[in-house]
Number of protein chains: 2
Amino acid sequence: MPGTRTSFKDMDCGFAQAIELIGDQWCFLIIRNLLLGMTRFEDFNAHLSISSKVLAHRLERLTAAGIIKARVDPRDARGKIYELTPKGEELKLVYGALTEWGDKWSPKAGGVRTEFFDTKTGDMIGGFAAVSKTGRLLDEGRVASRTGPGGSAVRDELATMIARRMVK
Amino acid sequence: MPGTRTSFKDMDCGFAQAIELIGDQWCFLIIRNLLLGMTRFEDFNAHLSISSKVLAHRLERLTAAGIIKARVDPRDARGKIYELTPKGEELKLVYGALTEWGDKWSPKAGGVRTEFFDTKTGDMIGGFAAVSKTGRLLDEGRVASRTGPGGSAVRDELATMIARRMVK
DNA sequence: ACAACTCACTTTCTTAAAGAAAGTTATATT
DNA sequence: AATATAACTTTCTTTAAGAAAGTGAGTTGT
């Protein structure tokens with residue numbers, strides 16, 4: 001249907017499912033602010049300059065996806081407090097890696113805008129990386145993906161599609 | 001202006017800049033396929049069921065952002081080969097982490113759809129994580145962020161906004 | 001050499017959703 | 001009782017998404 005955004009629900013792929021849930025500029029920014037501790041409708045509205053209509057829709061979508069949950073402000077029944085669920089909290093790494101990438105490739109004189117640190121030691125974090133089963137760090141270049149046990153024909157079809165095209 | 005999607009270019013924040021460039025469902029999926037080795041207009045078109053109009057726009061946007069680059073197929077001057085630039089390749093970690101999250105929270109009987117492995121040893125990868133400067137792995141719960149040297153008033157303003165609201 | 005075919009787009013047309021701004025409702029404060 | 005505030009909802013206009021058909025340079029088959 002024209003105008004309707006395409007849904008990826010039928011795509012048998014974890015990545016596509018993730019994008020179905022949070023692959024929207026506003027969702028990304030809202031979750032980012034939630035990860036930083038923001039909780040109020042008003043604050044998202046003001047800080048992100050998002051219209052209240054769209055904000056309400058996004059909060060509803062994120063709630064339905066089980067990424068956030070709202071509760072009434074115990075001090076003032078008018079207010080709601082929006083918080084990340086464990087599912088939402090686990091996006092922290094994705095956000096860290098994306099923030100690092102963004103800061104690297106949209107650089108600013110003076111240094112990074114955001115730095116990550118270890119809350120136990122206060123030390124700055126070196127970065128985000130893939131880790132072997134034995135706890136060894138792996139160079140980004142060594143990381144590749146393949147179809148897992150729950151993988152579908154879709155992924156193999158993709159591989160075939162790609163193989164058929166190989167140049168050079 | 002109504003209908004115009006909001007731009008985040010003025011937001012002084014690496015994360016927002018990243019979202020400005022790739023924070024769109026189609027861009028995400030296109031880059032995912034590029035990371036898996038897909039290179040052709042036709043293949044994105046068919047595999048993602050994206051309309052050619054929108055695909056052309058996205059490829060243009062990603063090219064302008066310096067994330068992909070096109071070259072003519074040396075074997076057939078009709079065809080173009082789209083490839084990730086180093087900037088684009090560096091999104092691999094973000095994609096790995098997001099795929100892992102999506103596979104975990106949209107689970108499938110039988111196991112993960114996609115598994116990551118070390119191209120040197122063939123061993124499966126344990127996961128993605130934050131790493132200290134000294135190369136130690138950090139528990140996700142220990143990771144937090146703060147304003148860096150290039151950080152702006154925007155982030156501090158956000159922190160203030162949040163602090164003002166603290167409950168419990 | 002010429003027709004048929006491919007690839008990478010454009011164009012056209014319809015409709016859903018984004019943005020701006022004003023309005024609503026249920027509490028809360030004075 | 002009057003005013004304020006938080007979290008939405010409504011209205012209205014415009015842009016962009018989606019479907020489908022069309023275009024043009026380049027290639028292949030005969």
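Quick note on labels: first sequence line is chain A, next is B, and so on, each numbered from 1.
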Taking [X] first and then [Y], would you say they form a salt bridge - that is, a charged N and a carboxylate O separated by under 4.0 Å?
X: D43(A); Y: R165(B); value: yes
X: D73(B); Y: R40(B); value: yes
X: K120(B); Y: D139(A); value: no
X: K69(A); Y: E83(A); value: no

Next item on the list: Just compare dA8(C), dG18(D), dC8(D) and give me whichever is closest to any side-chain atom of V54(B).
Entry: dG18(D)
Note to self: Measuring from the side chain of M1(A) (C-beta onward, heavy atoms only), which nucleotide among dA16(C), dC9(C), dC8(D) has the closest atom?
What the structure shows: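 For M1(A), the side-chain atoms sit closest to dA16(C).
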Margin query: Can you work out whether S7(A) or Y82(A) has the more 5'-proximal nearest nucleotide on DNA chain D?
Written below: Y82(A)
Note to self: Between T4(A) and G79(A), which residue's closest nucleotide on DNA chain D lies nearer the 5′ terminus?
What the structure shows: G79(A)
To the nearest Å, give me how far apart [atom1] ([X]) and [atom2] ([N]) are.
X: D76(A); N: dT30(C); atom1: CG; atom2: P; value: 12 Å
X: I50(A); N: dT9(D); atom1: CD1; atom2: C1'; value: 15 Å
X: R40(A); N: dT27(C); atom1: CZ; atom2: C1'; value: 14 Å
X: L55(B); N: dA19(D); atom1: CG; atom2: C1'; value: 15 Å
X: D24(B); N: dA17(C); atom1: CG; atom2: C1'; value: 14 Å
X: F44(B); N: dA8(C); atom1: CZ; atom2: C1'; value: 13 Å
X: E42(B); N: dC9(C); atom1: CD; atom2: P; value: 11 Å
X: M161(B); N: dA6(D); atom1: CE; atom2: P; value: 11 Å

Next item on the list: Hey, which sits more toward the 5' end of DNA chain C by its nearest nucleotide, P2(A) or R58(A)?
Entry: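 Residue closer to the 5' terminus by nearest nucleotide: P2(A).
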Checklist line | 5' precedence on DNA chain C between A77(A) and H57(A) (nearest-nucleotide basis) | finding: H57(A)
Margin query: With a 3.5 Å cut-off and heavy atoms only, can you find an N or O donor on one side and an acceptor on the other between the side chain of R78(A) and the base of dT5(D)?
Written below: yes
Strictly below 4.0 Å: does [X] bring a side-chain N or O up to OP1 or OP2 of [N]?
X: K53(A); N: dA22(C); answer: no
X: W26(A); N: dA17(C); answer: no
X: R75(B); N: dT27(D); answer: no
X: T6(A); N: dG18(D); answer: yes

Next item on the list: Give one of base, sugar-phosphate or nothing for S52(B), where a contact means two heavy atoms less than 4.0 Å apart.
Entry: base
Notebook entry, point to check: Does the side chain of D123(B) come under 3.5 Å of the side chain of S132(A) through a donor N or O and an acceptor N or O?
Noted result: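 Side-chain D/A pair, D123(B) to S132(A): absent.
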